[in-house]
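Numbered from 1 within each chain, the chains take letters A, B, ... in sequence-line order.
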Protein chains: 2
Amino acid sequence: MCRKRQIMSETKDKIVALADRLVRTKGFNAFSYKDISAPLEIKNAAIHYHFPAKADLGVEVVDQEMAKFHTQTSRWKNLPENEQLEKLTEVFRRHSKEGNICLMGSLAPDFETLEPAMQAKVQEMAGSIVNWLTQCLEQGRKKKLIHFKGTAHARALIIISNLQASLLLSRVMGPSAFRLIAEQLMDDLRHK
Amino acid sequence: MCRKRQIMSETKDKIVALADRLVRTKGFNAFSYKDISAPLEIKNAAIHYHFPAKADLGVEVVDQEMAKFHTQTSRWKNLPENEQLEKLTEVFRRHSKEGNICLMGSLAPDFETLEPAMQAKVQEMAGSIVNWLTQCLEQGRKKKLIHFKGTAHARALIIISNLQASLLLSRVMGPSAFRLIAEQLMDDLRHK
DNA sequence: AAATATACTTACTTAGTAGTAAGTAAACAA
DNA sequence: TTGTTTACTTACTACTAAGTAAGTATATTT
């Protein structure tokens with residue numbers, strides 16, 4: 001009758017991974033603890049053991065996403081800026097293929113309904129991404145690898161909102177939407 | 001003890017108007033009948049009288065939005081295409097000021113959780129907007145009022161996803177995000 | 001070997017949620 | 001004036017949500 005227990009809690013990692021997927025597919029408010037406990041074959045109290053409140057789970061999901069972003073971008077650090085942008089697009093392309101939307105695209109609509117701690121995390125994440133992209137565009141333009149009009153900051157906002165929304169549009173209009181947007185976006189930056 | 005009853009149901013209109021606002025501010029799954037019944041000082045059964053299921057209310061909200069879109073665009077029909085685009089941006093600017101996000105931006109993340117009837121409505125809406133914008137861009141380029149690279153369809157997808165996501169980003173990063181994106185976007189189309 | 005910490009489960013509470021069946025007051029039509 | 005439709009309210013159901021208190025088996029430390 002004895003169910004096996006995980007050593008050093010793989011369970012916690014599985015909960016976060018599944019929560020990440022649920023946030024992207026159903027939205028933070030729309031998924032429930034049952035959506036996690038049922039497939040992992042644990043009780044919902046087990047989730048509360050690791051994450052006392054749902055917001056704690058949400059914060060962890062965002063934290064892990066940010067950590068992933070930082071390790072990825074620092075891995076690209078020595079690439080030419082136009083290739084770094086391709087890498088970024090590649091990340092979104094993968095999400096597109098898996099039917100995921102990005103965390104920002106999922107959490108921003110529900111922003112007002114989130115707890116202050118989660119709101120702060122989401123703002124932090126948005127800031128990090130926009131700052132990185134702004135730097136990347138600025139450096140790339142200096143080296144004449146990338147061409148665009150206006151400030152790097154405004155262009156960064158445009159690009160990130162495009163990638164974000166293209167995943168949303170793809171969900172409604174099919175995967176061709178992402179492809180068309182991403183290709184045109186990269187092409188825009190290639191030429192003067 | 002007798003509460004007054006509305007003649008010819010202003011109530012129904014009020015329900016839809018409030019639901020529209022709630023979808024944009026909290027999301028379709030995150031708002032409840034209480035969010036409508038409390039401020040309107042009616043019982044939740046009154047909402048069910050007009051809209052048997054929540055999906056019926058959602059469909060009505062999307063329908064009214066599409067009707068509004070059609071009347072607006074047909075009012076601009078005889079304007080030069082670049083001005084029509086300014087008008088479209090103006091619509092989004094107003095939403096930005098009121099802290100609203102657009103219906104697509106709100107419903108697309110929850111798309112998988114919506115009933116088939118609502119999914120179809122959202123797809124219809126996306127199609128309408130993209131088609132109109134594609135036509136507008138194509139005509140505008142022919143008359144040399146608008147300049148852009150690539151196909152009108154790809155450019156339409158880029159612009160609509162920008163406007164959509166700029167409202168999402170604004171919610172997280174503050175209203176300057178919308179301003180910067182909208183200005184740069186319009187500037188991009190003005191020059192060769 | 002005993003005490004303690006870890007990682008859960010069992011069983012429950014509280015507070016919602018959408019939705020419904022039956023009743024009612026007013027407006028309208030015959 | 002009677003019957004019917006409209007626009008609700010009252011009072012409820014069935015269900016699901018997040019969250020909690022207390023118990024338990026295993027692993028780790030002393």
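Between A:H50 and C:dC8 there is a side-chain polar atom (N or O) within less than 4.0 angstrom of OP1 or OP2. At least one side-chain nitrogen or oxygen of B:S32 sits closer than 4.0 Å to the OP1 or OP2 atom of C:dT17. Residue B:T11 has a polar side-chain atom (N or O) positioned under 4.0 Å from OP1 or OP2 of D:dC8. A close approach under 4.0 Å does occur between a side-chain nitrogen or oxygen of A:K43 and OP1 or OP2 of C:dT10.
Side-chain atoms of B:R155 do not come within 3.5 Å of backbone N or O of B:G150 as any donor-acceptor pair. When atom types are taken as modelled, the side chain of B:S106 and the backbone of B:C102 share no donor-acceptor pair closer than 3.5 angstrom.
Annotation: cation-pi geometry not satisfied between B:K26 and A:F111 (NZ/CZ under 6.0 angstrom from ring centroid, within 45° of ring axis).
A:F31 comes within contact range of the sugar-phosphate backbone alone, with a heavy-atom separation under 4.0 Å but no base atom that close. Backbone-only contact: A:Y33 has heavy atoms under 4.0 Å from sugar-phosphate atoms and none from a base.
With C:dG19, D:dC8, D:dG19 as the choices, the nucleotide that has an atom nearest any side-chain atom of A:K54 turns out to be D:dG19. Comparing atom distances between the A:A45 side chain and each of C:dG19, D:dT20, C:dA21 picks out D:dT20 as nearest. Comparing D:dT20, C:dT9, C:dG19 against the side chain of A:A46 picks out C:dT9 as the nearest. Checking D:dC8, D:dA17, D:dG19 against the side-chain heavy atoms of A:H48 singles out D:dG19 as nearest. Of the candidates C:dA7, D:dC8, C:dT20, the closest approach to any side-chain atom of A:Y49 belongs to C:dA7.
For an aromatic pair to be called close, the ring centres must be under 6.0 Å apart, and A:F178 with A:H95 fails this.
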